[in-house]
Amino acid sequence: MISNEDLGAIIKKIRKERNITQKELASGICCQTTISYLEKGKASPRIDIMYYIASRLGVTVDYFFHILEKEQNMYTSDTIMLIEKLIKEKKYDDIFELTLRERKILNSSLFSQKYIQYINWQYWRSAQYLGKISWKKCVEQLNQLTNQQTKEIPLFQDLRIKNVIANVLAENKQEEKAKKIYQELLEYDIEIYEYHKFKLIIYYNLSKLYTEIEEYRLAIDIANKGINFSKKIEDMSILGNLFFQVAICLFQLNENKDYTKHYFEQATFFNKFFGHSMNIEYVDV
């Protein structure tokens with residue numbers, strides 16, 4: 001259901017584009033005050049009045065809904081792109097402020113459940129990064145988001161949030177819980193490129209977790225699986241970090257120096273090639 005405010009804004013926008021005054025738009029249809037109230041979102045028009053207003057503006061009644069949906073989709077897409085950019089730059093203050101503002105308008109019927117879930121996800125994660133909430137509160141809120149299943153929310157976005165939950169747990173010494181989530185995420189088989197790339201991140205995160213709890217052999221096994229999967233899907237973007245995980249584990253195990261050196265060199269090559277630094281953090285995606 002479209003809100004009065006959104007409908008009023010689009011009527012005003014089209015009227016201005018057509019260089020029509022409120023008085024001219026209202027003539028023979030209703031009083032000028034009615035148009036003013038409509039544009040301010042303070043009134044709900046009858047369907048017959050909507051028909052005549054649309055006709056005078058040279059559009060159909062359906063056009064109001066189509067144009068609003070199009071604008072809303074562009075808005076949400078641009079907002080998500082901006083947040084993803086801020087995540088890469090680790091600008092959590094900016095993410096928190098942006099999502100805080102967005103949460104105040106999420107009750108609009110034009111926002112999809114997918115977008116609402118995304119904004120809330122980034123809000124709770126950035127709040128936890130900044131120390132505004134505890135890691136336990138963050139996990140609680142993110143779990144609630146993944147439990148709100150609707151057809152509008154794709155499975156892949158839920159999986160991304162579950163990876164973040166595992167990261168928060170791993171960062172706070174809840175290794176067994178984090179390990180279980182990572183392992184579950186690797187069991188999915190979704191034939192989309194984004195999931196394949198996501199799976200590489202999970203291989204890295206799980207390998208890093210095993211390294212931190214000093215299960216070096218398991219860390220090497222998982223990292224090598226990630227390396228082989230990277231070759232299979234022809235995506236080298238995280239190869240440097242996977243090679244690095246193997247290298248540091250081999251070093252800890254006092255393995256053959258030449259063998260260890262080979263992995264360090266591979267890690268350095270791929271990270272230089274992609275302009276990456278050696279990643280020492282869990283990766284949110």
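What's counted below: heavy atoms across the whole structure, side chains too, no hydrogens, waters or symmetry copies. Positions are given from 1 along the sequence.
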According to a 4.5 Å side-chain heavy-atom criterion applied to Ile, Leu, Val, Met, Phe, Trp and Tyr, with indirect links allowed, do Tyr51 and Tyr37 form part of one hydrophobic cluster? no

Checking Gln117 against Asp158: is there a side-chain donor and acceptor pair closer than 3.5 Å? yes

State, to 0.1 Å, how close Ile181 and Lys162 come at their nearest heavy-atom pair, and which atoms those are. CG2-O, 3.4 Å

Less than 4.0 angstrom from a charged side-chain N to a carboxylate O is my criterion; do Lys208 and Glu212 meet it? yes

Rounded to the nearest 0.5 angstrom, the CG-CD distance for Leu209 and Gln174 is 11.5 Å

When you group the ILVMFWY residues by side-chain heavy-atom contacts below 4.5 Å and let the links chain together, are Leu218 and Leu169 in the same group? yes

Taking the six-membered ring for Trp and the full ring for Phe, Tyr or His, determine whether the centres of Tyr92 and Phe96 are under 6.0 Å apart. no

Other residues, nucleotides, ligands: >12 heavy atoms within 6.0 Å of Arg46 CZ: no

Presence of salt bridge, Lys104 and Glu97, under 4.0 angstrom: no

Can you tell me how far apart CZ (Arg160) and CD1 (Ile201) are? Round to the nearest 0.5 Å. 10.0 Å

Minimum heavy-atom separation for Gln22 to Ile35, with atom names? CG-CG2, 3.9 Å

Do Val246 and Ile227 come close enough that some side-chain heavy atom pair is under 4.5 Å? yes

How about Tyr193 and Asp235: do any of their side-chain heavy atoms sit closer than 4.5 Å? yes

Would Ser77 and Met74 count as a side chain to side chain contact (heavy atoms under 4.5 Å, CB included) here? Give the steps. CA-CA 5 Å; Ser77 177; Met74 289 177 60; 5.8 Å; no

Okay, side chain of Arg103, backbone of Leu98: is any donor-acceptor separation there less than 3.5 Å? no

Considering all heavy atoms of both residues, which atom of Ile116 and which atom of Leu106 are nearest to each other, and what is their separation? CD1-O, 3.7 Å

Could you go through Leu7 and Leu38, starting from their C-alpha distance and side-chain angles, then the distance that decides it, and tell me whether this counts as side chain to side chain contact (heavy atoms under 4.5 Å, CB included)? CA-CA 8 Å; Leu7 178 59; Leu38 286 177; 5.9 Å; no

If the threshold is 4.0 Å, N to carboxylate O, is there a salt bridge linking Asp221 and Lys225? yes

Atom CD of Glu215 and atom SG of Cys249: how far apart are they, to the nearest 0.5 Å? 10.5 Å

Side-chain H-bond candidate by donor/acceptor type, Asn241 with Tyr203, under 3.5 Å: no

Under 3.5 Å, is there a donor-acceptor pair linking the side chains of Tyr195 and Asp189? no

May I ask you to check whether Tyr210 and Tyr216 place their ring centers less than 6.0 Å from one another? no

How long is the span from the CH2 atom in Trp124 to the CD1 atom in Ile119, to the nearest 0.5 Å? 13.5 Å

Lys199 side chain reached by Ile190 side chain, heavy atoms, under 4.5 Å: no

Measuring from atom OG1 of Thr76 to atom CG of Asp78, what distance do you get when rounded to the nearest 0.5 angstrom? 8.0 Å

Okay, side chain of Thr34, backbone of Cys30: is any donor-acceptor separation there less than 3.5 Å? no

Could you tell me the separation between the CG atom of Leu250 and the CD1 atom of Ile220, rounded to the nearest 0.5 Å? 4.0 Å

Is there a donor-acceptor pair closer than 3.5 Å between any side-chain N or O of Thr268 and the backbone N or O of Phe264? yes

Specify whether Tyr115 and Phe111 have parallel, tilted or perpendicular ring planes, treating 30° as the upper limit for parallel and 60° as the lower limit for perpendicular. parallel

Met81 side chain near Lys85 side chain, heavy-atom distance below 4.5 Å: no

Look at the side chain of Thr211 and the backbone N and O of Ser207, then say whether any donor-acceptor pair between them is shorter than 3.5 Å. yes

Side-chain donor-acceptor pair present, Gln128, Arg125, cut-off under 3.5 Å: yes

Do Arg56 and Ile29 come close enough that some side-chain heavy atom pair is under 4.5 Å? yes

Taking atom CZ of Phe273 as the centre, does the number of heavy atoms from other residues, nucleotides or ligands within less than 6.0 Å exceed 12? no

Angle between ring planes, Tyr263 versus Phe243, binned at 30° and 60°: parallel, tilted or perpendicular? tilted

Using distance alone, with no hydrogens and no angle criterion, decide if Thr60 and Asp62 have a side-chain donor and acceptor under 3.5 Å apart. no

Considering only heavy atoms from C-beta outward, does the side chain of Asn271 approach that of Leu239 to under 4.5 Å? no

Assess whether a salt bridge exists between Glu84 and Lys91, defined as any Lys/Arg side-chain N lying under 4.0 Å from an Asp/Glu carboxylate O. no

Has Glu39 got a side-chain atom pairing as donor or acceptor with Ala9's backbone, closer than 3.5 angstrom? no

Are Ile53 and Val61 close enough, and set up right, to give a side chain to side chain contact (heavy atoms under 4.5 Å, CB included), and what steps lead you there? CA-CA 9 Å; Ile53 288 175; Val61 173; over 6 Å; no

Considering only heavy atoms from C-beta outward, does the side chain of Gln245 approach that of Leu242 to under 4.5 Å? no

Does atom CD of Glu234 have more than 12 heavy-atom neighbours, drawn from other residues, nucleotides or ligands, at distances under 6.0 Å? no

Does OH belonging to Tyr52 count more than 12 external heavy atoms closer than 6.0 Å? no

Thr146 side chain to Asn143 backbone, donor-acceptor under 3.5 Å: yes

Taking the side chain as C-beta and beyond, is there a heavy-atom pair between Lys114 and Tyr118 under 4.5 Å? no

Kindly determine whether Gln122 and Glu102 satisfy side chain to side chain contact (heavy atoms under 4.5 Å, CB included), including the steps that lead there. CA-CA 11 Å; Gln122 300 301 343; Glu102 285 297 294; over 6 Å; no

Treating Asn172 as the side-chain partner and Val168 as the backbone partner, does any N or O pair qualify as donor plus acceptor under 3.5 Å? yes

Between Lys197 and Glu194, is a salt bridge (charged side-chain N to carboxylate O under 4.0 Å, His left out) present by the stated rule, with each step listed? CA-CA 5 Å; Lys197 191 176 182 70; Glu194 289 83 0; over 6 Å; no

